[in-house]
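Count residues from 1 along the sequence.
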Amino acid sequence: MTVGKRRQPSLSQLRAFAAVAEHLHFRDAAAAIGMSQPALSGAVSALEEILGVTLLERTTRKVLLSPAGERLAVRAKAVLTEVGALLEEAEAVRAPFTGALRLGVIPTVAPYLLPTVLRLVHGRYPDLGLQVHEEQTASLIDGLTSGRLDLLLLAVPLGVPGIAELPLFDEDFVLVTPPDHWLGGREDIPREALKELNLLLLDEGHCLRDQALDICREAGRADAPVATTAAGLATLVQLVAGGLGCTLLPRTALRVEATRSTRLLTGYFADPAPSRRVALAMRTGAARGAEYRELATALREALRPLPVRLLAHC
C-alpha cells in the first residue's frame with residue numbers, strides 16, 4: 001500500500017484517543033467529550049487499526065498508554081490544538097467579537113473584577129458569548145496552553161513560554177487586622193512590620209499566597225507566617241475578625257471583603273506599598289490576538305473607577 005492511499009485518521013478518532021490518554025478511563029473520557037462509551041472505544045480501536053499500532057493496554061481495572069500511545073498522544077493533542085486554532089482564526093476573520101470566548105479567572109480576582117468585565121462585554125460586545133471559568137493559576141495556564149481556554153485574567157508575571165501578557169493595572173495590598181491590633185487603621189505601616197505578625201494565608205495553589213510569602217521574604221521574614229489557612233478571602237477576613245491574626249488583601253477586594261464584619265480595620269503601607277500586577281494573558285500569536293488587545297484597552301478604561309494604577313499597553 002502506498003503512502004498516498006493510506007487511510008487517514010478522523011478528528012473524532014483523534015479526539016477520542018486524546019481524551020482517553022488524558023483521563024486513562026473510558027467512562028470519564030467519554031463524558032469529557034460528550035461521546036458514548038461504546039462509540040469512544042470503537043473510535044480508539046479504529047484509530048489503532050488505521051495506524052497499525054496498539055495505543056492502549058486495557059485491563060479489567062484500568063487503562064494504560066502503550067509506549068506507542070505515549071508518543072502518539074502528544075502528536076494527537078498537537079493536531080487537535082492546530083485544528084482548534086484553524087477554526088478560531090476562521091471565526092475571527094468572519095466577524096470579530098462574535099462566537100464564544102472562554103475566559104479563565106483566578107479566585108482572588110473574579111469576585112471583584114468580573115462585574116466590570118461583564119458590563120463591558122454585554123454593553124460593547126453583545127454578540128460575544130463569554131464563558132467564565134474560575135480556577136487557580138496552574139489550572140488556568142494548562143487550560144490556555146491546551147486550548148481549553150482562550151484568555152486569562154490573573155496576576156502576573158507568569159514567565160511561561162508561549163503566553164503573552166497584556167498588563168491592565170497594578171494594585172497595592174492593604175493589611176486587614178482585628179480592631180484592637182496595634183497596626184489597625186494606620187496609614188504608614190512599614191513593610192518590616194510583617195516580620196512580627198500572625199499573617200493568615202490562602203491555601204496552597206493560590207498565587208496570592210505566594211505573593212504574600214514573597215512580600216514577607218522581602219521584609220526580612222524567613223519562616224512561613226502561621227499554620228492557619230483558608231480556601232478564600234471571605235474566610236480569611238472572618239478569621240481576622242475572630243482575632244486569629246492579620247491578612248493581606250488586594251485593594252480591589254477591600255470594598256467587598258472588609259465590609260463582611262464590623263470587627264475589622266484596614267491599614268495602609270508606607271510607599272512603596274507591596275503590590276501585584278493583573279493582566280490578560282493569551283497564547284502568543286493567537287488568531288484573535290487583535291481582539292484581545294482591543295478588549296484589554298477597553299477594560300483598562302472600564303476599570304478606571306477602581307483603586308488601581310492603570311498601565312499603558314506594552
Side-chain angles (χ1 to χ4, degrees), residues 105-117 136-137 140-141 152-160 163-177 181 183-197 199-203 205-222 224-225 230 232-234 236-237 240 245-259 264-281 296-297 299-314:
V105 191
I106 56 174
T108 58
V109 162
Y112 322 116
L113 298 191
L114 277 180
T116 301
V117 173
Q136 293 184 5
T137 299
L140 292 180
I141 291 173
L152 308 182
L153 178 59
L154 73 178
V156 296
L158 301 174
V160 178
I163 295 182
E165 298 169 7
L166 305 174
L168 298 175
F169 62 82
D170 290 337
E171 65 174 327
D172 292 340
F173 286 101
V174 297
L175 185 69
V176 179
T177 72
H181 196 275
L183 291 174
R186 283 182 53 175
E187 305 248 348
D188 58 348
I189 300 172
R191 290 197 192 201
E192 291 72 22
L194 293 171
K195 291 192 291 186
E196 310 300 330
L197 297 182
L199 197 62
L200 308 180
L201 301 176
L202 290 174
D203 293 336
H206 287 278
C207 62
L208 189 58
R209 173 193 175 91
D210 298 330
Q211 291 159 357
L213 291 173
D214 287 342
I215 293 168
C216 288
R217 281 189 286 269
E218 290 169 4
R221 184 169 189 161
L233 293 183
L236 272 186
V237 297
V240 172
C246 307
T247 197
L248 293 171
L249 284 186
R251 285 286 301 271
T252 51
L254 192 58
R255 185 173 63 178
V256 173
E257 303 300 347
T259 57
L264 295 169
L265 287 177
T266 301
Y268 297 86
F269 289 91
D271 289 334
S275 64
R276 71 172 179 177
R277 176 162 294 183
V278 173
L280 292 176
T297 299
L299 186 53
R300 289 187 199 99
E301 186 60 31
L303 293 169
R304 191 169 294 280
L306 298 183
V308 300
R309 295 185 297 279
L310 298 175
L311 298 169
H313 172 61
C314 56

- [ ] Looking only at non-hydrogen atoms, find the nearest pair between L303 and V308 and report the distance.
- [x] O-CG2, 4.0 Å
TODO: Calculate, to the nearest 0.5 Å, the distance between atoms CD and SG belonging to E196 and C246 respectively.
DONE: 12.0 Å
- [ ] For side chain to side chain contact (heavy atoms under 4.5 Å, CB included), just list the numbers for L199 and C216, CA-CA rounded to whole Å, side-chain angles, deciding distance to a tenth of an Å, and then say yes or no.
- [x] CA-CA 9 Å; L199 197 62; C216 288; 3.5 Å; yes
- [ ] Check the pair T108 / R276 against side chain to side chain donor-acceptor pair (under 3.5 Å), numbers first and verdict last.
- [x] CA-CA 11 Å; T108 58; R276 71 172 179 177; 3.2 Å; yes
Task: Contact check, side chains of L154 and L280, non-hydrogen atoms, under 4.5 Å - done: no
Open item on the list: Any non-hydrogen side-chain atom of D170 less than 4.5 Å from a side-chain atom of L310?
Closed with: no
Open item on the list: Working to the nearest 0.5 angstrom, can you tell me the gap between L233 CG and L248 CG?
Closed with: 10.5 Å
Task: Within-4.5 Å side-chain heavy-atom neighbours: H181 and L197 - done: yes
Open item on the list: Walk me through whether F169 and R251 qualify under side chain to side chain contact (heavy atoms under 4.5 Å, CB included).
Closed with: CA-CA 12 Å; F169 62 82; R251 285 286 301 271; over 6 Å; no
TODO: Indicate the atoms forming the closest heavy-atom contact of A296 with L168, along with that distance.
DONE: O-CD2, 3.8 Å
Open item on the list: If I compare all heavy atoms of F269 with all of L175, which pair ends up nearest, and what's the gap?
Closed with: CE1-N, 4.0 Å
Task: Student check: side-chain heavy atoms of V117 and L153 closer than 4.5 Å - done: yes
TODO: Work out which heavy atom in R277 is nearest to a heavy atom in P167; give both atom names and the distance.
DONE: CD-CB, 4.3 Å
Open item on the list: Measuring from atom CD of Q136 to atom CG of L208, what distance do you get when rounded to the nearest 0.5 angstrom?
Closed with: 11.0 Å
Task: Min side-chain heavy-atom separation V256-P111 under 4.5 Å - done: no
Task: Minimal non-hydrogen separation, L201 against L236, with atom names - done: O-CD2, 3.5 Å
- [ ] Could you tell me whether E192 and K195 make a salt bridge, using a distance below 4.0 angstrom between a side-chain N and a carboxylate O?
- [x] no
TODO: Determine the minimum heavy-atom distance between T252 and Y112, stating which atoms define it.
DONE: O-CB, 3.5 Å
Open item on the list: So, taking the atom named CG in L265 and the one named CG in L183, what distance separates them when rounded to the nearest 0.5 Å?
Closed with: 10.5 Å
Task: Student check: side-chain heavy atoms of I106 and C207 closer than 4.5 Å - done: yes
Open item on the list: Please determine whether the number of non-hydrogen atoms from other residues, nucleotides or ligands lying under 6.0 Å from atom CZ of R309 exceeds 12.
Closed with: yes
Task: Separation of T137 OG1 from L158 CG (nearest 0.5 Å) - done: 7.0 Å
Open item on the list: How long is the straight-line distance from CG of L249 back to CG of D172, given to the nearest 0.5 Å?
Closed with: 13.0 Å
Open item on the list: Just so I know, are the side chains of L264 and T177 near enough to count as touching, which here means a heavy-atom distance under 4.5 Å?
Closed with: no
Task: Main-chain N/O of A281 paired with E165 side-chain donor or acceptor, under 3.5 Å - done: no
Task: Note, I215 side chain near F173 side chain (heavy atom, < 4.5 Å) - done: yes
Task: Side-chain (R191) to main-chain (A270) donor-acceptor, under 3.5 angstrom - done: no
